[in-house]
Amino acid sequence: MDILRGIAVSPGVAVGEAVILDAEDYRIPYRSVSAEEVDAELERLASAIAASLTELEAQAHWLEEQLGRDAANVFQWHIGVLKDDRLRGGIEALIREQRFSAASAASTVMRNYQRRFLQMSDPLLVERIRDVQDIERRLLRHILGESREDLAHLTKPVILIAHDLTPTQTAQLAGTKVVGVALDVGASTSHTAILLRSWGRPAVIGLNDVSTRISGGDGVIIDGSNQLVVANPTPATLKDYRAQEERYLRLTGQLESIKRLEAVTADGVRIQLLSNIEFPQEAASGMEQGAEGVGLYRTEFLFLRPEGAPGEEEQQAAYAQAIRGVRGGPITIRTFDLGADKYTQQRRFEQERNPMLGLRSIRYSLQNLDMFKVQLRAFLRASLEGDVRLMFPLIISLMEFRQAKLTLHDAMEDLEEEGVPFRRDFPVGMMLETPAAAVQVQEFCREVGFISIGTNDLIQYLLAVDRGNERVSRFYDASHPAVLRTIRDVIRTCQQAGVPCSLCGEMAGQPLYTLFLLGVGLRTFSMAPANIPGVKKLIRAVTTGYARRVAKRALSFETERQVTNYLRDEIKKVLPEDPI
Ligand code: PEP
Ligand code: MG
């Protein structure tokens, strides 16, 4: 049994067989073959090794001519590994004696090989692991050829293990038989994590080397509530976890009854709970969870698909679908927030030295005005469908907000000239996601229709911690006193100015912060639909006076640890049964 600790994404327990997805999308299922198929599998292995060697020899030859012997040596090492009789013998033995398919035998043996390198103390040898991964990938490409299977065709529940998933891959998990996910990389507010959360199944990320420590076919438990992954569990552990899984499902079942109740505090203050969505059809599913509308529609996900950016008609159809999905409720559509960890297919090779501080969000839109205008036209054409608001991401200065609004007015004028009808009276607001915007919130309040606090980015820029980097994720902490004070100040200033203020970062959906946020005066929360029932339960259990006292005390601490411990203790007092 092997226990790995990572970063929590979504709670709950999932049990299943591992399927490894490597960087090139190969799913390596554990598959056994019949006695009659063994020879064909051995043949398939032999041709794959031969094809890999031919390729490698050509590459080594070319490199030697271009760059000399040293460069070619890397591939000579690969050739040596593939010619190693013990390695080949090990793969063949699994096929012959245990009837593994060629792909699962090769994957299992290569992963054991990687594990051996991982345990070496010499850092140079540990580096070799990348070479072994490269050899494995090449071999599997030849074994699987065109017959590679994709996740949509799984026939039984599995746990997906990968080094990383792109947001696009993550978005495709819905509707597959994947019941849990474990990743080597990632941090809790990376976009992959956000999508995993809206997918709703247990997931643990930032595990460093889970994809090399687990092989396809291994039994795996994902304990999303305690951020653990257990590989090859003992029967006793498995029994324990099955019981936990049942308990978790019972508790989430109890939340069902809350979905239809009002979000109102024990002293009668109405709170607005909205959903964060990435795809238009989720607007309707957010309503099923008890949302009153959409507080954040991340439209950039329309642009991340392999086939490239959608045209005006297609965008208009998507926005109209989302607007109709909220059945008359409010919906805030954010203009595309591209860059940082969300690159379009066309831009994916344009490496930036520091993408989180790079050409992202509104900066990217204002440098690509044609693309921006197409989106604004599509939004305007869909705007007559309902109660819409438009929001610009990552605004750092008034000049930027004004320029974005001017572009919107340009798009309005064009439509007017063309005689196309659209709505004019919708609020235009901004996301407050940087320290600069927080410091200047008073000035912004004079010009914006509303403010939505994006804590995912605000925390990363306040604390100088990349939100997607698992190596620094322990420093990324919403409980940091600087974060709490900034949020309090922004909400207070907005209230004084009479500007509507909501919060749509992940913090809004974390029950740990519900009392604090209520206590500093937040009345509109926007979160992943799955988090709505749990947050509502807490809201209904407390008075605003109590929340104010909790917030005041939380603001008095000097360190993030004290804040977290205190908030956890307070919630335990209110809802002693619930896991936090
Ligand atoms: C945020 O930064 O808090 C936010 C909601 O936007 P995103 O997570 O899409 O960057
Ligand atoms: Mg953001």
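When a ligand or atom number is given, it counts from 1 through the structure's own listing order.
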Around [atom], find the nearest protein heavy atom and jot down its residue, atom name and distance.
atom                    : answer
atom 2 (O) of ligand 1  : E433 OE1, 2.8 Å
atom 6 (O) of ligand 1  : R334 NH1, 3.0 Å
atom 10 (O) of ligand 1 : R467 NH1, 2.9 Å

Worksheet item: Does N456, backbone or side chain, put an N or O under 3.5 Å from an N or O of ligand 1?
Response: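 It does: an N or O of N456 is found under 3.5 Å from an N or O of ligand 1.
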Report the part of [X] (side chain from C-beta onward, or backbone N, CA, C, O) that has a heavy atom under 4.0 Å from ligand 1; answer both or neither where that applies.
X    : result
D337 : side chain
L458 : neither
E506 : neither

Worksheet entry | Test of ring centre spacing under 6.0 Å for Y566 and F557 |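 They qualify: ring centres under 6.0 Å apart.
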Worksheet item: Less than 6.0 Å separating the ring centroids of F379 and F426?
Response: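 Between F379 and F426, the centre distance is under 6.0 Å.
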Worksheet item: Hey, what do you get for CG (L196) to CZ (R201), rounding to the nearest 0.5 Å?
Response: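 Between atom CG of L196 and atom CZ of R201 there are 12.5 Å.
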Worksheet entry | Gap separating the CG atom of L517 from the CZ atom of R523, nearest 0.5 angstrom |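 Separation between the atoms: 10.5 Å.
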Discussion item. As a test of understanding, state which of K536, R197, Q289 forms a side-chain contact (heavy atoms from CB on, under 4.5 Å) with N531.
Written reply: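 Exactly one option meets the side-chain contact (heavy atoms from CB on, under 4.5 Å) with N531, and it is R197.
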Worksheet entry | ligand 1 contacted by I194 (non-hydrogen, < 4.0 Å) |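 I194 counts as a contact of ligand 1 under the 4.0 Å cut-off.
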Item to complete: May I ask you to check whether T544 and T265 show a side-chain donor-acceptor distance below 3.5 Å?
Response: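 The criterion, which ignores hydrogens and geometry beyond distance, is not satisfied for T265 and T544.
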Discussion item. Could you report the tightest heavy-atom contact between I487 and F516, atom names first, then the distance?
Written reply: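 Closest approach of I487 to F516: CG2-CE2, 4.4 Å.
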Check each atom of ligand 1 against the heavy atoms of [X] and keep those under 4.0 Å away; list them by number with element.
X    : result
R298 : 4 (C), 5 (C), 6 (O), 7 (P), 8 (O), 9 (O)
C504 : 5 (C)
L296 : 5 (C)

Worksheet item: Within the stated cut-off of 2.8 Å, is an N/O/S atom of E433 closer than that to the Mg ion (ligand 2)?
Response: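 Short answer: yes, at least one N, O or S atom is under the cut-off.
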Discussion item. Within the 4.5 Å heavy-atom criterion, are T299 and Y319 side-chain neighbours or not?
Written reply: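 Yes - at least one pair of side-chain heavy atoms lies under 4.5 Å apart.
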Practice prompt. Answer yes or no: are there more than 12 heavy-atom neighbours, outside Q442 itself, under 6.0 Å from its atom CD?
Written response: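 No, because the 6.0 Å sphere around CD of Q442 holds 12 heavy atoms or fewer from other groups.
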Discussion item. Between the Mg ion (ligand 2) and D457, which N, O or S atom of the residue is the nearest one?
Written reply: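 Minimum-distance N/O/S atom of D457 relative to the Mg ion (ligand 2) is OD2.
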